Participant: 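Dropping a structure here in structure tokens format, bear with me for questions.
Side chains included, hydrogens not; waters and symmetry mates left out as well; all remaining heavy atoms used. Values in this document were obtained by computation on a predicted structure and should not be read as measured data.
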Amino acid sequence: MAHWRELLPEKQLFERQLRPEALKADLAALGQAVARCPDGEIEEACAVAAMHELPWVRQALLRALAVRAPQHDEVRAAVGWLTHDYEDYVAFEAVTLAGELRLREVLADLLVIVGRASERVTGFAGKPVGIGHAVVLRAITAIIGSTDQAVLRSVEDELFAEGVDQAEYPARPVEDAADGGSHEHGSMAAVPGGVVLGGPPPAFAGENLLFDWNDPPEERHCAGFRIDKLPVSNAEYDLFAGSPAALRHRFCHPREPKGKLHLRNTLLDSRSGPGHPVTGVDWFDAYAYARSLGKRLPTETEWQRAGEGPDRRAYPWGDEFDGARTRCLPPPSGNGWATVDRWRDELLGLADDPPAHTARERGMPGNVSPFGVGDLSGNVWEWTSSCFDGPAFSPVGTDRDAIDVIYDQRSYVVIKGGTWTSLPEQASLAFRGRDLAFDRHFEIGFRCVCDCGGDGAR
């Protein structure tokens, strides 16, 4: 068998050749070789696992090392580092291992992801929302060794006695990339300017909501614009990601992380076909794609306006949820989800035993807004250009490592629409999800807008 170093794929070569099936075979051989490596090479393998440019390699090495020497100090350090990998499947693997190994040294960093676990295990779901949230919460309670609210609160108070630093937002966003491409309007819908309101939609009044809807009920205005009728597909995105412009980073944000890989992380996932909405891309991938067409990402106000129309409906088709029109996580019974804990149990089941299907193909029948915009409810979350807790999103200090980034509230972006793992409440047009702009999940995609006008657009 070849030495494991000889089996390491090269990022630049893979970007040029794009042979996913061959990479799968190489990764299997790599994992087998590392699982048999001598003791003297474990530290080197851990360093490669933490820093290799291809995420699939990081995951393969992490798995092999966890089998080879789970109690080795360097393996434990690599697990802790990769709990904040920007690729979801790498981070999920590391977070699960951190719980199994009870790595108390990563506890504070995990708590920053979900907020106070003492409130999450018994109360509202909080944000972010999805499989990652459930996996991290499970690891936290495993590390602490308790789900008791008082025990969790005591640990949190000890770790965060001085609170978490709150950074100031920049006075204005960083300038856009220098140039942009061009586009046609045939696949876009014109949306007239208007007003949207924060908080739950009127149709939810009096309902027992499972999430912490703490958004202020303020009016937000937007001018007319055009928006893609459907989210960007895998096929569309792959054309961009494999292009010379993407490889040369022609349309990228000035503060994009160094050495950025624009290939989606679902490239090896056979469940994600050409007609499915693209997922496994971060905010910077979406930004670069939009710029390559002379477009941009929508603000959360524009996104919500495109779905609600003039009557502030809860879903694109009206006020009543209709599971036949979208793709969400169906409740175990026809009575809906009784508690957040029950839903989280379902999410952990999906994490431990991946389903045969994730998102549906684009163009779900009946999932169309009054302005003719499709697929705004469920299936995949969508990136916006809005910061979750502040003004327009503007990346700050992207040369920092991932663990530093999670403590900076300026790094979190609003995501909209819900996904295939969401509850109906999350798939409503007004719901605000959030995630790190640097993270790449198989639950988040995007669509684009342009400023060619919605009111009397040409």
Side-chain angles (χ1 to χ4, degrees), residues 55 83-92 94-95 109-115 120 124-137 164 211-212 214-215 231-232 253 255-257 260 264-266 277-287 289-290 297-300 303-304 329 344 347 350-351 358-359 376 378-390 392-396 398 400 402-423 425-427 430-447:
T83 57
H84 292 288
D85 196 280
Y86 292 142
E87 312 293 339
D88 55 359
Y89 51 86
V90 181
F92 292 175
V95 168
D109 298 331
L110 294 181
L111 282 165
V112 171
I113 296 175
V114 300
R120 300 310 181 206
F124 290 148
K127 300 167 184 176
V129 283
I131 290 179
H133 191 192
V135 170
V136 171
L137 191 58
V164 177
F211 289 87
D212 46 357
N214 51 8
D215 315 313
V232 175
H253 194 280
R255 289 190 172 173
E256 176 184 272
K260 183 81 172 70
R264 57 186 170 91
N265 76 14
T266 56
V278 66
T279 55
V281 294
D282 63 18
W283 186 91
F284 295 92
D285 295 319
Y287 172 96
Y289 177 91
L297 295 178
T299 66
E300 65 168 312
W303 192 100
Q304 188 171 335
L329 194 60
R344 284 204 190 104
L347 294 182
L350 294 176
T358 52
L376 287 169
N379 215 31
V380 297
W381 290 105
E382 296 184 14
W383 291 112
T384 72
S385 63
S386 299
C387 192
F388 186 79
D389 185 22
F393 175 68
S394 180
V396 177
T398 53
R400 298 173 300 171
I403 292 179
D404 286 336
V405 166
I406 65 165
Y407 284 89
D408 191 338
Q409 296 304 306
R410 297 169 297 181
S411 301
Y412 292 88
V413 179
V414 175
I415 54 175
K416 298 287 286 184
T419 187
W420 56 275
T421 60
S422 294
L423 303 181
E425 187 179 323
Q426 297 168 287
F431 189 86
R432 302 176 79 230
R434 78 162 194 169
D435 217 306
L436 278 173
F438 304 84
D439 281 357
R440 287 154 49 106
H441 292 286
F442 63 176
E443 299 163 297
I444 306 179
F446 69 98
R447 74 180 72 211

Participant: By side chain to side chain donor-acceptor pair (under 3.5 Å), which residues pair with Glu382, not counting sequence neighbours?
Facilitator: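 If we apply the side chain to side chain donor-acceptor pair (under 3.5 Å) test to Glu382, skipping adjacent residues, the hits are Trp303, Arg447.
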Participant: Please name all residues satisfying side chain to side chain donor-acceptor pair (under 3.5 Å) with Thr279, sequence neighbours left out, ordered by chain then number.
Facilitator: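 Side chain to side chain donor-acceptor pair (under 3.5 Å) list for Thr279, sorted by chain: empty.
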Participant: From Lys416 NZ over to Glu300 CD, what is the distance, rounded to the nearest 0.5 angstrom?
Facilitator: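 The CD atom of Glu300 is 5.5 Å from NZ of Lys416, to the nearest 0.5 Å.
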Participant: Taking side chain to side chain contact (heavy atoms under 4.5 Å, CB included) as the definition, give me every residue that meets it alongside Ala290, ordered by chain and number, with sequence neighbours left out.
Facilitator: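 Ala290: side chain to side chain contact (heavy atoms under 4.5 Å, CB included) contacts with Lys295, Cys448.
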Participant: Looking at every non-hydrogen atom in both residues, tell me the closest pair between Ala437 and Phe284 and how far apart they are.
Facilitator: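 Heavy atoms of Ala437 and Phe284 come nearest at O-CD1, 4.0 Å.
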Participant: Measuring from atom NZ of Lys260 to atom CZ of Phe438, what distance do you get when rounded to the nearest 0.5 angstrom?
Facilitator: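 With rounding to 0.5 Å, NZ (Lys260) is 10.0 Å from CZ (Phe438).
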Participant: Output all residues satisfying ring-ring contact (aromatic ring centres under 6.0 Å, His included) with Trp283, sequence neighbours left out; order by chain, then residue number.
Facilitator: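 His253, Tyr287, Phe393.
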Participant: Considering residues at least two apart in sequence or located in another chain, which fulfil the ring-ring contact (aromatic ring centres under 6.0 Å, His included) criterion with Phe92?
Facilitator: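 For Phe92, no residue satisfies ring-ring contact (aromatic ring centres under 6.0 Å, His included) once neighbours in sequence are set aside.
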Participant: Should Tyr86 and Asp282 count as side-chain neighbours, where that means a heavy-atom distance under 4.5 Å?
Facilitator: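 No - every pair of side-chain heavy atoms lies 4.5 Å or more apart.
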Participant: For Asp285 and Val281, work out which heavy atoms get closest and say how close.
Facilitator: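 Here Asp285 and Val281 meet closest at OD2-CA, 3.4 Å.
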Participant: Once the angle between the rings of Phe211 and Phe431 is folded into 0 to 90°, is it parallel (under 30°), tilted (30 to 60°) or perpendicular (over 60°)?
Facilitator: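 Ring orientation, 0 to 90° scale: perpendicular.
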Participant: Can you give me the closest heavy-atom contact between Gly378 and Ala427, atom names plus distance?
Facilitator: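 It is N-CB, 3.9 Å.
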Participant: Which heavy-atom pair separates Ile415 from Asp435 by the least distance, and what is that distance?
Facilitator: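 Result for this residue pair: CD1-CB, 4.3 Å.
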Participant: Tell me if a side-chain donor or acceptor on Arg432 pairs with a main-chain N or O of Phe388 at a distance below 3.5 Å.
Facilitator: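 Judged by distance alone, yes, a pair lies under 3.5 Å.
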Participant: State the CG-CD1 distance between Asp439 and Ile444, to the nearest 0.5 angstrom.
Facilitator: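 It comes to 7.5 Å.
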Participant: Return the minimal non-hydrogen interatomic distance between Trp383 and Leu436, and the atom names on each side.
Facilitator: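 That closest heavy-atom pairing would be CH2-O, 3.1 Å.
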Participant: Side chains of Thr384 and Leu297: does their closest heavy-atom pair fall under 4.5 Å?
Facilitator: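 Result no, sub-4.5 Å side-chain heavy-atom pair not found.
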Participant: Between Ser386 and Val414, is there a donor-acceptor pair closer than 3.5 Å when you use the side chain of the first and the backbone of the second?
Facilitator: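 Checked: no pair found.
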Participant: Side chains of Asp109 and Thr83: closer than 4.5 Å at any heavy-atom pair?
Facilitator: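 A side-chain contact is absent here, since even the closest heavy-atom pair is not under 4.5 Å.
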Participant: So, for Leu110 and Val136, which heavy atoms are closest and what is the spacing to 0.1 Å?
Facilitator: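 Nearest heavy atoms, Leu110 then Val136: O-CG1, 3.6 Å.
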Participant: Any chance you could measure Ile131, atom CD1, to Leu350, atom CG, to the nearest 0.5 Å?
Facilitator: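 Taking CD1 in Ile131 and CG in Leu350, the distance rounds to 5.0 Å.
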Participant: Just jot down the salt bridge (charged side-chain N to carboxylate O under 4.0 Å, His left out) partners of Glu87, sequence neighbours excluded, or say none.
Facilitator: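 Applying salt bridge (charged side-chain N to carboxylate O under 4.0 Å, His left out) to Glu87 gives Arg440.
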Participant: I'd like to check Thr419 versus His441 (side-chain heavy atoms, cut-off strictly below 4.5 Å). Are they in contact?
Facilitator: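 Heavy-atom side-chain distance check fails, nothing below 4.5 Å.
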